[in-house]
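Notes to accompany the following structure.
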Amino acid sequence: MKNFSKALILAALSVCACTGELDLPQDTDLQEYDAEPTAGITPGSIYIEFSDQMADQIAAGETVFTVSGIGMKSCRRLFEENQKFSRRYHDAGLDRWYVVEFDDAVPSTKAAYDIRRMDGVESVAYPHKMKKSSLSFPFNDTYSYCQWSLSSDGRLNRELNTSDFAEGCDINVVPVWTEFTAGSHDVIVAVMDGGVNPNHEDMSGVVLPFGEGGSKNFVTNSFRSVPDEHGANVAGIIGAVSNNGIGISGIAGGSDGTGGVKVMSCTIVNGDTWATDESVCSAFVWAADNGAVICNNSWNYSYDNESDARDAQKYFLENRSPIKTAIDYFIDYAGFDADGNQVGPVAGGTVVFSAGNDGFAYSVPACHERVIAVAAHGPDYAFASYSNFGDWVDIIAPGGDAPGRYAYRAGYRYIIGPGIGNNTYNSMAGTSQAAPHVTGVAALLASYFGGTGFTNDMLRERLLKGTRENAVSGRMTGPMLDAYGAFKYMPDGKITITTAYSGNYTIRSHENFEIDYNIEGNGTAKLPAEVESDCPSLSLDATYSKARISVVGLEADPGEYPVRLVVGRGTDKEVSVSFTLTILENHPPQVNVPLEDMVVPASLVSLNLNNAFSDPDQEPLTITMTTSDSKVAVVKVLQNEPILEAYSFGMVELTFTATDARGASASQSIKVLVRDTSKSYDVYPNPVTDYMFVRPGEAATSVEIEITGDFGRRVISKTAKASPFEPVKLDLTTLDPGQYLVNVKDSSGKEFSQNIVKL
């Protein structure tokens, strides 16, 4: 199977001939732009969204946009101007997007960094490489009964003597054909893919002619038809002529042998040559302006690994880009004329994207919330191993098996469709094939329900609500495409708010709180969700179908906070849920186990602080240390363990403080004696002028101290209790200068002697 990933070939750009000039100081900090994802982007060009004022100045010739330091070559509008639709082009922001071409040796992220800091620039975006979302496999056969995805009734199992094809594992479209419709000529479906052969025996009369208002080749920016295996297969799944005695049945291919929906072939790939990213953007605008109301996209951006795809999806979702602007333009304006009147069968467009075949949890542009993202399953209800997946996927449809499974009958387990030649057919597998199944059912819905007042939101709601839940096994479960379910679905218009949360809405003062809600029945109206609360750290992240309330405990005072989530405020569909959030009072840390004074050598000593403090709120504590003399000893953290580092002999006091997240704390201090542990006693200072101290290396009940002078003459004798932290103090002020011998004997019989000098 081939998995195409082609770089875009950028067309030559023309320079804006304007007066006046903008420039930028070259003080770029590399660290600021190196953080952006670079995988999958096309070098040498970048997209800029200008402010309305700057765009008007450039268009009027009052300003020329230039950037020094990037080898800039040209700057021009991304979307070609069309006077007929100029008002809505402006409303959609198409006239604010420009393409800048520069030296492709300059990192695109550097160019973006330099450009986005300039006055009048609102956002920048990158052109991307693209790839098809199919797993190609040549199987040029004409067996229409191989279309298990449309009707898996056991025929293939009997024909092939196998049990590979689960009965009912299809899109359930046959009853739609018999009870409702098989497709109307009034519905135009744009197929953004390889070119479709208008002369194919099963597509004749279906493909709009290449020319003004019809099909177009965006690779060559011409009306030249270049048929492609992939595009032919995808378009045929949607609209191949049904009931004409040859080939296959298209999902929306009519019932009388003359065809059903029309296909607008928007060619974005010729063989191995892709249209530029900007041309693909223009294709969406072309399709909307020329009558298409549904758009199939069996391709996605190309990334070498899941990490790159993850970073790219995050960046795509958080930033504006021409591709999102173009997709949104199709969704907002397809089916309307230049004056805003509905002229198509649907008010607004429906964009379908394949999820991709990398087995990744990410995909661009399929992750865009406004499109319908389609993953794939095989003929046995199993989620396809190759299919991308994630909560951004909206629906699962037949895509066939991965390469290598059931090799001798692989073509049967794939999806059959027309080929390049006038009477050829092929079999392919992938999310490329899953997407047109969804598009085909969308085209049937538009054919039957279409008319004044029927909106793309109504179509989407039927498509995504009339599904089979949990039918697909494996990595993802449901919803599975069900054509008949979409037709039988009856939206009641009632909005409900539900949550799986079962807690008591109480948090400790250092904790955060999140609660997720599902908003059902809002797919058509898309009424906004709002939250009412006087909690200062509460926030709401909501779409028309989901809402998340978040609270940061540390940023609010303890107390009780009423919270109310409202959907459709002030309308006849207003609905709400309420609760009281309680943030508990904070309690300061406590001393748990008192630390003991220490006698240590001048070295590294491990400290055990695990039980020194406790917190009534069970929150993690930050422990800090201060020392009375950093020249004697400090505490450091080595390999996550507190270590006492003693530098020189002496006494030091260490204070340990445990602090919680709100700044409340508890402290305790210890004395640390750093000494020569090879000696039993310390006699200091030596020489001595007035007072001398005798300190044992360990606790002793009592000590006898005798100081002798010349000829063993005893000059001082004293018996006293002593410990390392309470030495015996001796007054030597009355002694004459000279040498003396200090003798020490403790209660255990241990003896120690040391010469001293009295000054």
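The figures that follow rest on heavy atoms only: side chains count, while hydrogens, waters and symmetry mates do not.
Side chain to side chain, Y489 and D482 fail the donor-acceptor criterion of an N or O pair below 3.5 Å. With no hydrogens or angles considered, a side-chain donor-acceptor pair links N357 and T431 at under 3.5 Å. In this model, no donor atom of one side chain and acceptor atom of the other lie less than 3.5 Å apart for E49 and Y98. For the residue pair D277 and Y301, a side-chain donor N or O sits within less than 3.5 Å of a side-chain acceptor on the partner. Between the side chains of N319 and S321, not a single donor N or O lies within less than 3.5 Å of an accepting N or O. Under 3.5 Å, the side chains of S279 and T276 contain a donor-acceptor pair of N or O atoms. Under the 3.5 Å distance criterion, with hydrogens and angles disregarded, no donor-acceptor pair is assigned to the side chains of S354 and W299.
Rounding to the nearest 0.5 Å places SG of C295 at 9.5 Å from CD1 of I331. Rounding to the nearest 0.5 angstrom, the gap separating the CD1 atom in I48 from the CE atom in M118 is 8.0 Å. One distance of note links CG of L584 with CD of E560; it measures 9.5 Å at 0.5 Å rounding. We find the OG1-CD1 distance between T499 and I515 to be 4.0 Å, quoted to the nearest 0.5 Å. Separation of atoms CD1 (I372) and CG (N456) is listed at 9.5 Å; rounding is to 0.5 Å. D358 contributes atom CG, which lies 9.5 Å from atom OG of S387 (distance to the nearest 0.5 angstrom).
Checked against Y501 for a ring-ring contact (aromatic ring centres under 6.0 Å, His included), the options F579, Y517, F513 give a single hit: F513. Residue V191 forms a side-chain contact (heavy atoms from CB on, under 4.5 Å) with just one option from T439, I268, V263, and that option is V263. Partner of E122 under the salt bridge (Lys or Arg N to Asp or Glu O under 4.0 Å) criterion, chosen from R96, R320, R117, R116: R96.
Residues meeting the side chain to side chain contact (heavy atoms under 4.5 Å, CB included) test with E80, sequence neighbours left out: none. By the ring pair (Phe, Tyr, Trp, His ring centres under 6.0 Å) test, F330 pairs with no residue at all, sequence neighbours left out. Residues passing the side-chain hydrogen bond (donor to acceptor under 3.5 Å, both in side chains) test with R569, sequence neighbours excluded: E530, E532. Remark: Y362 engages no residue in a ring pair (Phe, Tyr, Trp, His ring centres under 6.0 Å) (not counting sequence neighbours). Every residue was checked against the side-chain hydrogen bond (donor to acceptor under 3.5 Å, both in side chains) condition with D534, not counting sequence neighbours, and none meets it. For P558, the side chain to side chain contact (heavy atoms under 4.5 Å, CB included) test picks out E585, R662, with sequence neighbours left out. Scanning for side chain to side chain contact (heavy atoms under 4.5 Å, CB included) contacts around T467 gives I395, E469, P479, with sequence neighbours left out. Among residues two or more places apart in sequence or in another chain, the side chain to side chain contact (heavy atoms under 4.5 Å, CB included) test is passed with Y448 by F180, T181, F487. Qualifying salt bridge (charged side-chain N to carboxylate O under 4.0 Å, His left out) partners for K314, counting only residues two or more places apart in sequence or in other chains: E318. Residues forming a side-chain hydrogen bond (donor to acceptor under 3.5 Å, both in side chains) with H368 (at least two apart in sequence, or on another chain): D328. Residues forming a side-chain hydrogen bond (donor to acceptor under 3.5 Å, both in side chains) with N586 (at least two apart in sequence, or on another chain): S509, D660.
Side-chain contact between F336 and V343: absent, with no pair of heavy atoms (C-beta onward) separated by less than 4.5 Å. At least one side-chain heavy atom of I237 sits less than 4.5 Å from a side-chain heavy atom of I251. Side-chain contact between D289 and R88 is present, with heavy atoms from C-beta onward closer than 4.5 Å. In this structure, I549 and V563 have side chains that are in contact, with non-hydrogen atoms separated by less than 4.5 Å. Side-chain atoms of L481 and L463, non-hydrogen and from C-beta on, do get closer than 4.5 Å to each other.
Between D516 and R548, at least one side-chain nitrogen of the basic residue sits less than 4.0 Å from a carboxylate oxygen of the acidic one, meeting the salt-bridge criterion. Remark: D394 engages R460 in a salt bridge, criterion side-chain N to carboxylate O under 4.0 Å.
Atom CD of Q53 has 12 or fewer neighbouring heavy atoms from other residues, nucleotides or ligands inside a 6.0 Å radius.
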### Task
List the steps, then state whether side chain to side chain contact (heavy atoms under 4.5 Å, CB included) holds for D52 with H90.
CA-CA 9 Å; D52 282 331; H90 177 75; 3.9 Å; yes

#### Entry: S539 and D541: CA distance, side-chain angles, deciding distance, side-chain hydrogen bond (donor to acceptor under 3.5 Å, both in side chains) verdict
CA-CA 7 Å; S539 62; D541 183 15; over 6 Å; no

### Task
Let me see the working for R76 and E278 under side chain to side chain contact (heavy atoms under 4.5 Å, CB included), right down to the final yes or no.
CA-CA 11 Å; R76 66 174 177 81; E278 63 194 85; 2.3 Å; yes

### Task
Apply side-chain hydrogen bond (donor to acceptor under 3.5 Å, both in side chains) to the pair Y303 and R310, showing each step before the final yes or no.
CA-CA 9 Å; Y303 304 103; R310 177 197 62 214; over 6 Å; no

### Check against side chain to side chain contact (heavy atoms under 4.5 Å, CB included), Y561 and I583
CA-CA 8 Å; Y561 297 94; I583 302 178; 3.8 Å; yes

### Message
side-chain hydrogen bond (donor to acceptor under 3.5 Å, both in side chains), that's the test. Do T325 and W97 meet it? Break it down for me.
### Response
CA-CA 9 Å; T325 302; W97 282 103; 3.0 Å; yes

### Message
Before you tell me yes or no, could you show the steps for V346 and F449 under side chain to side chain contact (heavy atoms under 4.5 Å, CB included), namely the whole-Å CA-CA distance, both residues' side-chain angles and the distance that decides it to 0.1 Å?
### Response
CA-CA 9 Å; V346 186; F449 293 103; over 6 Å; no

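The salt bridge (charged side-chain N to carboxylate O under 4.0 Å, His left out) pairs that include a residue from residues 334-354 are R87-D339, where partners are two or more places apart or lie in different chains.
Considering every non-hydrogen atom in both I507 and G553, the closest pair reads CD1-CA, 4.3 Å. The shortest non-hydrogen separation linking G183 to L444 is N-CD2, 3.5 Å. Of all heavy-atom pairs between L565 and A547, the closest is CD2-CB, 4.2 Å. The two atoms that bring D193 and S298 nearest to each other are OD2-CB, 3.6 Å, heavy atoms only.
Aromatic ring pairs are classed by plane angle as parallel below 30°, tilted from 30° to 60° and perpendicular above 60°; the pair F85 and Y89 is parallel.
Aromatic pair F360/F389: centroids not less than 6.0 angstrom apart.
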